[in-house]
Amino acid sequence: MDNKIHKKQSATCNCINLRRASQAITEVYDEMLSESGIKVSQYLLLNNINKLGPISVSNLALEIRLDRTTIVRNIKPLEEKGFIIDMANKGTRSRQLKLTDKGFEVLEKATPLWLAAQNFIEQYLGKEEMNTFTVLLSKIEALVP
């Protein structure tokens with residue numbers, strides 16, 4: 001009897017299964033976004049800063065419901081690449097993030113690639129399963145107030 005666990009077999013731990021699924025979806029998006037030079041986490045920040053900016057890090061974290069420290073860690077490379085700038089006056093504590101022209105360009109290049117990844121995932125899962133998946137993710141997210 002073969003006791004090896006197959007790479008794609010689900011674990012008994014729901015947390016591990018969710019992390020594996022998250023990693024797989026992230027890899028799909030990152031691969032499809034690769035020619036834009038950014039990853040899905042960077043795309044999501046650029047897209048939200050574009051929609052909401054200028055915006056503080058704290059307000060951005062609230063809007064996209066991610067931990068502030070995660071946002072801070074992920075905006076640093078975007079600033080280094082010249083995709084975003086801090087519009088706040090010197091000496092103020094609250095940063096005000098805004099896209100630069102270079103940031104708009106990369107976002108414009110990445111958006112059709114991101115849409116292709118969205119469509120790929122939806123086609124792979126099917127519309128009905130995608131709807132169920134979205135409902136389940138919302139329920140899971142609601143576990144923590």
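All residue numbers in this chain count up from 1 along the given sequence. Hydrogens, waters and symmetry mates play no part in the numbers below; they use all other heavy atoms, side chains included.
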Rounded to the nearest 0.5 Å, how far apart are [atom1] of [X] and [atom2] of [Y]?
| X | Y | atom1 | atom2 | answer |
| --- | --- | --- | --- | --- |
| Phe83 | Leu99 | CZ | CG | 9.5 Å |
| Ile38 | Leu46 | CD1 | CG | 5.0 Å |
| Gln42 | Ile75 | CD | CD1 | 12.0 Å |

- Message: Checking Lys76 against Glu80 for the side chain to side chain contact (heavy atoms under 4.5 Å, CB included) test, could you report, in this order, the C-alpha distance in whole Å, the side-chain angles of both residues, the deciding distance, and whether it holds?
- Response: CA-CA 6 Å; Lys76 191 169 283 202; Glu80 290 170 357; 3.6 Å; yes
Which atom pairs, donor and acceptor, lie under 3.5 Å between side-chain atoms of residues 51-64 and protein residues at least two apart or in another chain?
unit_1, atom_1, unit_2, atom_2, d
Ser56, OG, Asn59, N, 3.0
Ser56, OG, Asn59, ND2, 3.3
Ser58, OG, Arg68, NE, 3.0

Tell me whether [X] at atom [atom1] has more than 12 heavy atoms from other residues, nucleotides or ligands lying less than 6.0 Å away.
| X | atom1 | value |
| --- | --- | --- |
| Glu122 | CD | yes |
| Phe104 | CZ | yes |
| Gln118 | CD | yes |
| Lys81 | NZ | yes |

- Query: Asp30: what forms a side-chain contact (heavy atoms from CB on, under 4.5 Å) with it, not counting sequence neighbours?
  - Reply: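 Result, side-chain contact (heavy atoms from CB on, under 4.5 Å) vs Asp30: Thr26, Lys39, Val40.
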- Message: Assess the residue pair Leu18 and Asn14 against the criterion (side chain to side chain contact (heavy atoms under 4.5 Å, CB included)); give the C-alpha distance rounded to whole Å, side-chain angles, the decisive distance to 0.1 Å, and a yes or no.
- Response: CA-CA 6 Å; Leu18 191 55; Asn14 295 320; over 6 Å; no
- Please confirm whether the backbone N or O of Glu31 pairs with a side-chain atom of Ser34, one donor and one acceptor, at under 3.5 Å?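 Yes; at least one donor-acceptor contact below 3.5 Å.
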- Flag, side chain of Lys109 to backbone of Glu35, donor-acceptor distance under 3.5 Å: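 Checking the backbone N and O of Glu35 against the side chain of Lys109, a donor-acceptor pair under 3.5 Å is found.
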Heavy-atom side-chain contact between [X] and [Y] under 4.5 Å:
| X | Y | answer |
| --- | --- | --- |
| Asp67 | Ile71 | no |
| Thr100 | Ile84 | no |
| Met130 | Ile121 | yes |
| Trp114 | Met32 | no |

- Message: Would a single hydrophobic cluster contain both Leu78 and Met87, if residues Ile, Leu, Val, Met, Phe, Trp and Tyr are joined by side-chain heavy-atom contacts under 4.5 Å?
- Response: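 No, it is not one cluster - the side chains of Met87 and Leu78 are not joined through contacts under 4.5 Å.
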- Does one side chain, of Tyr43 or Ser36, offer a donor that lies under 3.5 Å from an acceptor on the other?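 No donor-acceptor contact under 3.5 Å links the two side chains.
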Please set out all donor-acceptor pairs under 3.5 angstrom arising from side-chain atoms of residues 137-145, sequence neighbours excluded.
unit_1, atom_1, unit_2, atom_2, d
Ser138, OG, Thr134, O, 3.2
Glu141, OE1, Arg65, NH2, 3.2
Glu141, OE2, Arg65, NE, 2.6
Glu141, OE2, Arg65, NH2, 3.0

